[in-house]
Amino acid sequence: VHYAAADLEEGEIKYLSDAISRINDLLRLRIVGFDQDFSSLMRLKEVIQSRRTLQEFEISTFSISGQYNSIFCHLRSFFNLLLHWPNIRSITIGRQTVGWERHGTVFLSDDIFPLSDAIPGCCIHLKRFDYRSAEHWEDRHLEALSTMAPVLEELTLSGVIKSDSFTRD
């Protein structure tokens, strides 16, 4: 399924969620732009999470006309999505599409993905990971990803990564 919004019309995501829910063996999903209706976004996340056959996933909060509306989810929710995709091979997350776990310098304790929740090898087929908004990634996120996707071959993280263990050009 390839969905690209030119303008972010209210209700579009509800219809997209309904369509995706009818495709049991969905392999590829690309979403470019979505409206910010909270209940529709929650439904979309639930439907996407349930697509266990998904192999390729790409999402961007920006419409094809460049209009920004809302984040898709926060980091904890994103990592929780990964737990449900045993066949995922490629993921692309657009800039400003996934939110972070902090508000200023304060951690949002209910939104932190603990490393203990990372199931080893749950994304055993994940080879390519392109995350274009990694400003708030830390060592623990990289460690969780490497635990979940041990055969990852291509990793692209755009943004400033906060890490004590490595430096970035």
Side-chain angles (χ1 to χ4, degrees), residues 1-10 12-14 16-17 20 26 28-49 51 54-85 88-108 110-113 118 123 126-146 148-149 152-169:
V1 172
H2 177 114
Y3 170 80
D7 296 310
L8 303 176
E9 299 292 328
E10 188 174 332
E12 286 184 31
I13 291 303
K14 178 190 179 308
L16 176 62
S17 298
I20 292 170
L26 182 65
R28 292 172 194 82
L29 179 59
R30 181 174 188 230
I31 301 172
V32 180
F34 46 83
D35 63 69
Q36 66 179 7
D37 177 55
F38 180 75
S39 62
S40 294
L41 273 177
M42 291 300 294
R43 170 78 173 126
L44 179 64
K45 283 182 262 189
E46 290 170 4
V47 169
I48 291 172
Q49 178 176 302
R51 304 298 91 178
L54 194 63
Q55 293 179 7
E56 296 177 21
F57 179 64
E58 179 177 348
I59 190 163
S60 173
T61 190
F62 290 90
S63 70
I64 57 176
S65 65
Q67 185 178 355
Y68 175 82
N69 211 344
S70 173
I71 64 167
F72 174 66
C73 64
H74 286 89
L75 276 170
R76 181 183 185 123
S77 297
F78 173 73
F79 275 99
N80 283 329
L81 283 173
L82 295 178
L83 297 173
H84 298 277
W85 294 338
I88 197 73
R89 288 165 167 59
S90 176
I91 296 174
T92 301
I93 305 296
R95 63 187 174 89
Q96 299 178 18
T97 298
V98 173
W100 47 88
E101 300 166 320
R102 294 177 188 243
H103 180 71
T105 58
V106 179
F107 275 101
L108 302 176
D110 63 337
D111 199 34
I112 295 172
F113 183 81
C123 297
L126 183 60
K127 303 281 188 190
R128 184 184 161 280
F129 188 82
D130 183 355
Y131 194 94
R132 299 176 184 169
S133 193
E135 294 88 1
H136 299 278
W137 273 57
E138 298 175 349
D139 288 343
R140 61 194 174 90
H141 299 110
L142 294 170
E143 191 172 345
L145 183 61
S146 66
M148 298 165 82
L152 190 65
E153 294 176 357
E154 182 182 337
L155 174 65
T156 304
L157 297 173
S158 302
V160 179
I161 301 167
K162 296 172 181 9
S163 174
D164 295 330
S165 62
F166 68 94
T167 59
R168 188 165 188 276
D169 295 329

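In what follows, every heavy atom counts, from backbone to side chain, and hydrogens, waters and symmetry copies are set aside. No experiment lies behind these values; they were computed from the predicted model shown.
- In this structure, CZ in Phe78 is found 7.5 Å from CG in Leu145, a value given to the nearest 0.5 Å.
- To the nearest 0.5 Å, atom CG of residue Leu44 and atom CD of residue Glu12 are 12.0 Å apart.
- Listed by chain and residue number, Asp37 satisfy the side-chain hydrogen bond (donor to acceptor under 3.5 Å, both in side chains) test with Ser40 (two or more places apart in sequence, or in another chain).
- Under the side chain to side chain contact (heavy atoms under 4.5 Å, CB included) criterion, Leu81 pairs with Gln49, Phe72, Trp85, not counting sequence neighbours.
- Taking the side chain as every heavy atom from C-beta outward, Leu142 and Ser146 never approach each other to under 4.5 Å.
- To the nearest 0.5 angstrom, Ile59 atom CD1 is 4.5 Å from Ile31 atom CD1.
- Counting heavy atoms from C-beta outward, Leu157 and Phe129 have side chains that approach closer than 4.5 Å.
- Remark: Ile91 CD1 to Leu82 CG distance equals 4.5 Å, nearest 0.5 Å.
- In this structure, Met148 and Phe79 approach most closely via the heavy-atom pair CE-O, 3.6 Å.
- Counting heavy atoms from C-beta on, the side chains of Thr61 and Ile71 never come closer than 4.5 Å.
- In terms of modelled atom types and a separation under 3.5 Å, the side chain of Ser60 and the main chain of Val32 share no donor-acceptor contact.
- Separating the CD1 atom in Ile20 from the CZ atom in Arg43 is a distance of 9.5 Å, to the nearest 0.5 Å.
- For the salt bridge (Lys or Arg N to Asp or Glu O under 4.0 Å) test, residues two or more places apart in sequence or in another chain that qualify with Glu56 are Arg28.
- Using a 4.5 Å heavy-atom threshold, the side chains of Leu155 and Tyr131 count as separate.
- Every residue meeting the side-chain hydrogen bond (donor to acceptor under 3.5 Å, both in side chains) condition with Ser90, not counting sequence neighbours, appears here in chain and number order: Arg128.
- Inter-residue side-chain proximity for Asp130 and Glu154 is flagged as unmet; no heavy-atom pair is nearer than 4.5 Å.
- In this structure, the separation between CG on Leu29 and CD on Gln55 is 12.5 Å, given to the nearest 0.5 Å.
- You'll find the side chain of Val47 stays beyond 4.5 Å of the side chain of Leu16, heavy atoms only.
- In this structure Lys127 satisfies the side-chain hydrogen bond (donor to acceptor under 3.5 Å, both in side chains) test with no other residue, sequence neighbours excluded.
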